[in-house]
Student: 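Before we start, here is the structure in question, set down as structure tokens.
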Amino acid sequence: MQSPRTRIVEVLAIAPPRADVRIKGWLRTVRDSKQLVFLEVNDGSSMASLQAIADETLANIDEVRKLTTGSAVAIRGELVASPAKGQSVELRATEVEIIGKADPDFPLQKKRHSYEFLRTIAHLRNRTNTYGAVFRVRSKLAHAVHCFYQDRGFVYVHTPIITASDAEGAGEMFRVSTLDPSKPPRNDAGAIDWDADFFGRQAFLTVSGQLNGETFAVGMGDIYTFGPTFRAENSNTSRHVAEFWMIEPEMAFCDLDDNCTLAEAFVKHLVKTLLEDCTADIEFFNERVDQGLLARLRHLVDSPFERMSYTEAVARLEASGEKFEYPVFFGANLQAEHERYLTEKLIGRPVFVTDYPKEIKAFYMRRNDDGRTVAAVDLLVPQVGELIGGSQREERYDVLVAAIEETGLHKDAYSWYLDTRRYGTVPHAGFGLGFERMIMYGTGMQNIRDVIPFPRTPRHCEF
RNA sequence: GGGUCAGUAGCUGAGUCGGUUCAGCGCCUGCCUGUUAAGCAGGAGCACGCGGGUUCGAAUCCCGCCUGGCCCUCCA
């Protein structure tokens, strides 16, 4: 059994003096002189490190003196008020155990590295201030997601990662197969014989748990999913990854308006959690990453999100006089430049855009009475763009079948989905929130590859 | 997939009207100091992404390729 340790976040909260404090962690820096060696130890439990002082009374002081950044140590000593500036307490070591030395070529220095470089050492970057903070925040937010829904009586549903529905229209999918790609079995017609594949049919990684989630909502009431999602799009941008996490609540007896209300409460709850439970980390981001962060987060919590229809959004964009690369007109997809202008310039905070033309949205979205729009909603936020996409679902069987056929899909493939509209159908709605994009918004980090531990993007699947 | 910018020591950058590469940090050695991106002195380390071409001579000009960043498309 290993000897006990106290996490540094807890040690820093102790009122000195306190004898026999034991910590374990990794050295952020070592400053040595003739009599004293200053060891800055971080164990990931907090932004702050603990300074330990070793002197010549230690038997292994010569070894300690030569310790390099990145080495793992266990230190035992007395926690005392620090006589020098820079820290309120420090650990006067009576014992320094060298657990694991770091080779001198440890790549993390005591100075700023570029995010690009740190991505190439994603296995080590959690040992930096920035990424340590990012991943502590990520963990807290994940917990907050569950708290929010569990407190409201939502049921957490584990929708499948592997799916055979290949036509949800949410993007390119990764194929899941056990066939040998160099010599796949062929049928008489010469085509690949998917019947011989593992599932006896084509299978893919899910692009959304929504359709499965819906089936649970219309039976269990309010449900949510929270899991990985996959898109095989060749997207090379700062806000797209091939594997990301998404939260998808789905509510029975719920319309688009209720949907927006929940989404707003959800986002605000996550931001409140950040402000209350991640204070040190958020302050760090506010100082070093995005100076406007704290003000923006506080403002978000206090003010209602804007809501406007797509029709109104188009009208306001047209009236803005702004020159856009892509023209704005009813029926056009809102481009990133339009969305950014809306939320950053025109509104200045998060905005729900609702009721899009049916032609540019998915088949399952509820047809509005005007005959030309559907009950869809996107939540646009400054810096990040689209944070949430959702809709009220088409609960009317005939209308849904017509929409499937209009889209050119085969209704047979959706028989299980259509069953929910045959057996006790009810109005229901839901949305998907991109977890990484939420973290970007909450931390001010500008690249999605820097808020997920090991990002998967086109041509990148290291670690 | 399209566009655009970039690729110089381990890292961050400087250097280009073409003429034997620099600085800081890191690393090694020593000194000094309750230090804190410690300080001081010394040292090792890069022929400049790869391949062609122009030239007496190219990191610096031209062509191709590779890699990365960003933007657009896709969406979360």
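Remember, it's a predicted structure, so these values are computed and weren't measured experimentally. The basis for the numbers below is simple: all heavy atoms, side chains too, and nothing from hydrogens, waters or symmetry mates. In the text below, chain A, chain B and the rest are named by the order of the sequence lines, each starting its count at 1.
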Student: Are A:Phe244 and A:Phe435, when compared by the centres of their aromatic rings, separated by less than 6.0 Å?
Tutor: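 When the ring centroids of A:Phe244 and A:Phe435 are compared, they turn out to be at least 6.0 Å apart.
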Student: Hey, is the side chain of A:His240 pairing donor to acceptor with the base of B:rC74 inside 3.5 Å?
Tutor: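 Under the 3.5 Å cut-off, the side chain and the base do form a donor-acceptor pair.
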Student: Tell whether A:Gln87 reaches the base of B:rU35 with its side chain through a donor-acceptor pair below 3.5 angstrom.
Tutor: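 Donor-acceptor pair under 3.5 Å: yes.
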Student: Can you work out whether A:Leu36 or A:Lys110 has the more 5'-proximal nearest nucleotide on RNA chain B?
Tutor: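 Looking at the nearest nucleotide for each, A:Leu36 comes out on the 5' side.
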Student: Quick one: which of B:rA38, B:rC75, B:rG34 gets closest to the side chain of A:Asn333?
Tutor: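 Per side-chain heavy atoms of A:Asn333, the pick is B:rC75.
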Student: In whole Å, I'd like the distance from the CZ atom of A:Arg119 to the P atom of B:rG68.
Tutor: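 Atom-to-atom, A:Arg119 to B:rG68, this comes out as 11 Å.
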Student: Give A:Phe117 one of three labels, base, sugar-phosphate or nothing, depending on what nucleic acid heavy atoms sit under 4.0 Å from its own.
Tutor: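 Sugar-phosphate, backbone atoms only, no base.
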Student: Taking atom CD of A:Glu40 and atom CZ of A:Arg28, what is their separation to the nearest 0.5 Å?
Tutor: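 That separation rounds to 8.0 Å.
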Student: Kindly point out which of B:rG34, B:rU67, B:rC75 is positioned nearest to the side chain of A:Arg437?
Tutor: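 Per side-chain heavy atoms of A:Arg437, the pick is B:rC75.
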Student: Between the side chains of A:Tyr115 and A:Gln446, does any donor sit under 3.5 Å from an acceptor?
Tutor: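 The answer is no; no qualifying pair exists.
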Student: Between A:Arg65 (CZ) and B:rC32 (P), how many Å, whole number?
Tutor: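 Result: 11 Å.
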Student: Take the protein atom CZ of A:Arg231 and the nucleotide atom C1' of B:rC75, then report the distance between them rounded to whole Å.
Tutor: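 Result: 6 Å.
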Student: Roughly how many Å is it from CD in A:Glu116 to C1' in B:rG13, rounded to a whole number?
Tutor: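 So the CD-C1' distance, A:Glu116 to B:rG13, works out to 13 Å.
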Student: Is the base of B:rU35 touched by the side chain of A:Gln51 through a donor-acceptor pair closer than 3.5 angstrom?
Tutor: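 A donor-acceptor contact between them is present.
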Student: Testing A:Gln392, A:Arg393, A:Glu214, A:Glu395 one by one against A:His428 for a side-chain hydrogen bond (donor to acceptor under 3.5 Å, both in side chains), which residue passes?
Tutor: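 Output: one option passes, namely A:Glu214.
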Student: Ignoring the backbone of A:Ser114, work out which of B:rU35, B:rC74, B:rU12 is nearest its side chain.
Tutor: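 Shortest atom-to-atom distance from the side chain points to B:rU12.
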Student: Between B:rU35, B:rU73, B:rA76, which one does the side chain of A:Thr237 approach most closely?
Tutor: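 Of all the options, the side chain of A:Thr237 is nearest to B:rU73.
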Student: Specify the separation, in whole Å, of atom CE of A:Met438 and atom P of B:rC75.
Tutor: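 These atoms are roughly 22 Å apart.
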Student: Could you state the CD-P distance from A:Glu172 to B:rU73, rounded to the nearest angstrom?
Tutor: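 Distance check: A:Glu172 CD to B:rU73 P gives 17 Å.
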Student: The side chain of A:Ser238 lies closest to which of these nucleotides: B:rU67, B:rU73, B:rC71?
Tutor: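 Closest nucleotide to the A:Ser238 side chain: B:rC71.
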Student: Stacking here means centres under 5.5 Å and planes under 30°; does A:Phe244 stack on B:rA76?
Tutor: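 Check passed, A:Phe244 stacks on base of B:rA76.
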Student: Is the terminal nitrogen or CZ of A:Arg372 (NZ for Lys, CZ for Arg) located under 6.0 angstrom from the six-membered ring centre of A:Phe330 and within 45° of that ring's axis?
Tutor: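 So A:Arg372 does make the cation-pi contact.
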Student: Determine the Euclidean distance between corresponding P atoms of B:rG53 and B:rA14; express it in Å to zero decimal places.
Tutor: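 Between the two P atoms, the distance is 30 Å.
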Student: What is the separation between atom CZ on A:Phe324 and atom P on B:rC72, rounded to the nearest whole Å?
Tutor: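 A:Phe324 atom CZ is separated from B:rC72 atom P by 13 Å.
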Student: What's the CG-P distance between A:Leu334 and B:rC75, to the nearest Å?
Tutor: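 So the CG-P distance, A:Leu334 to B:rC75, works out to 12 Å.
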Student: Just compare B:rG10, B:rU73, B:rC75 and give me whichever is closest to any side-chain atom of A:Gln109.
Tutor: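 Minimum distance to the A:Gln109 side chain belongs to B:rG10.
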